[in-house]
Number of protein chains: 2
Amino acid sequence: MDPLSAVFGALADPTRRALLQRLAESDATVTELAEPFAMSQPAISKHLKVLEHAGLISRSKVATARYSHLEAERLREAIEYMERYKRFWSRSFDRLDQAIAAFTAMQQTTTADEPATENNGKETTDD
Amino acid sequence: MDPLSAVFGALADPTRRALLQRLAESDATVTELAEPFAMSQPAISKHLKVLEHAGLISRSKVATARYSHLEAERLREAIEYMERYKRFWSRSFDRLDQAIAAFTAMQQTTTADEPATENNGKETTDD
DNA sequence: CGCTTTCAGAACCGAAAGGTTATAGATGGA
DNA sequence: TCCATCTATAACCTTTCGGTTCTGAAAGCG
């Protein structure tokens, strides 16, 4: 799976977000993490594996205990991805209205041949 | 489903992210959106429904065409969520090392009773 | 009116997700 | 050495996901 899908997929589950929230307080073992949830220990272990796979946490064995702790790098990437789109989105805000207006005008005149998805060179959305 | 799970779940699929990327250029109809993908039209319609459910796009029927366009609000919420955690994460960076050090010290002295998950009141992480 | 285009919905399918219980491997303690 | 604890894995089940094909409704066009 691509890294971005892994990160977003990991964040898409409320239990996993709660685990991250708990880990923001301090590193913790599996039993400590499992305690507040109405869920079995293997279920928590699975969630931790998903988070680890996504790069959102790292894990280290100390004795029998296995500590999880947060990793910021992957999240930073995901945030950057989203902010990149936020830029685009603010620009594409009223495009639907424009398209409808163009279409309506076309209908009324019944002469123009412009496609409804007009892209009149006003923006150069290079990435 | 809670809104945050819906947004992250929607972003967890590469096809849906590509759809958003395409929509960042301009609003588009289902056929236009489906064209570059090696995928049937109903599949694209399903993806659009997921994006709409997550609040990431809105849709409007003009004639037979149905235009999709991006919505920024939900994304902004998701970004805020992630940035909130980024703050926590930068603080909890070296906690594992601390825990290991504390545990090792405990092992070596074989006298201390401090739990490994020390949380010595240094931070008040209220949310 | 009849045809074509655009799109959504239904029915179906295989794979993945999210949970369970039972078990086994490490490891520390009595 | 024997026992208790911590954790991962295996096997299993049910639901969701991501895709398909087929069909039908809505709307413009000749």
Checking B:Ser5 side chain against A:Asp13 main chain: does a donor-acceptor pair fall under 3.5 Å? no

Rounded to whole Å, please give me the gap between CE in B:Met1 and P in D:dT15. 17 Å

Without decimals, in angstroms, what is the distance between A:Glu32 CD and D:dC6 C1'? 11 Å

Does some side-chain heavy atom of A:Leu11 sit less than 4.5 Å from a side-chain heavy atom of A:Leu20? yes

With a 4.0 Å limit, can you tell me whether B:Arg66 has a side-chain N or O closer than that to the phosphate oxygens OP1/OP2 of C:dT6? no

How close or far is atom P of C:dT6 from atom NZ of B:Lys61, stated in whole angstroms? 14 Å

Think A:Thr64 has a side-chain N or O under 4.0 angstrom from the OP1 or OP2 of C:dA26? no

Scan the side chains in residues 43-51 of chain B for donor-acceptor partners under 3.5 Å anywhere in the protein, sequence neighbours excluded, and list what turns up.
residue	atom	partner	partner atom	Å
B:Ser45	OG	B:Gln41	NE2	3.1
B:His47	ND1	B:Arg16	NH1	3.2

Tell me whether the OP1 or OP2 atom of C:dA8 has a side-chain N or O from B:Ser45 closer than 4.0 Å. yes

Got a second to check how far B:Thr29's OG1 is from B:Arg66's CZ, nearest 0.5 Å? 12.0 Å

Count I, L, V, M, F, W, Y as connected when their side-chain heavy atoms are under 4.5 Å apart, and connections chain through other members. Are A:Met1 and A:Phe8 then in the same cluster? no

Within residues 46-55 of chain B, residues whose heavy atoms come under 4.0 Å of DNA chain D: B:Lys46, B:His47

With the side chain defined as heavy atoms from C-beta on, A:Arg59 is closest, among C:dT21, D:dT7, D:dG28, to D:dT7

Check nucleotides 22-24 of chain C for protein N or O atoms closer than 3.5 Å to its own N or O atoms and list the pairs.
none

In whole angstroms, the gap separating P of C:dG18 from CZ of A:Arg17 amounts to 12 Å

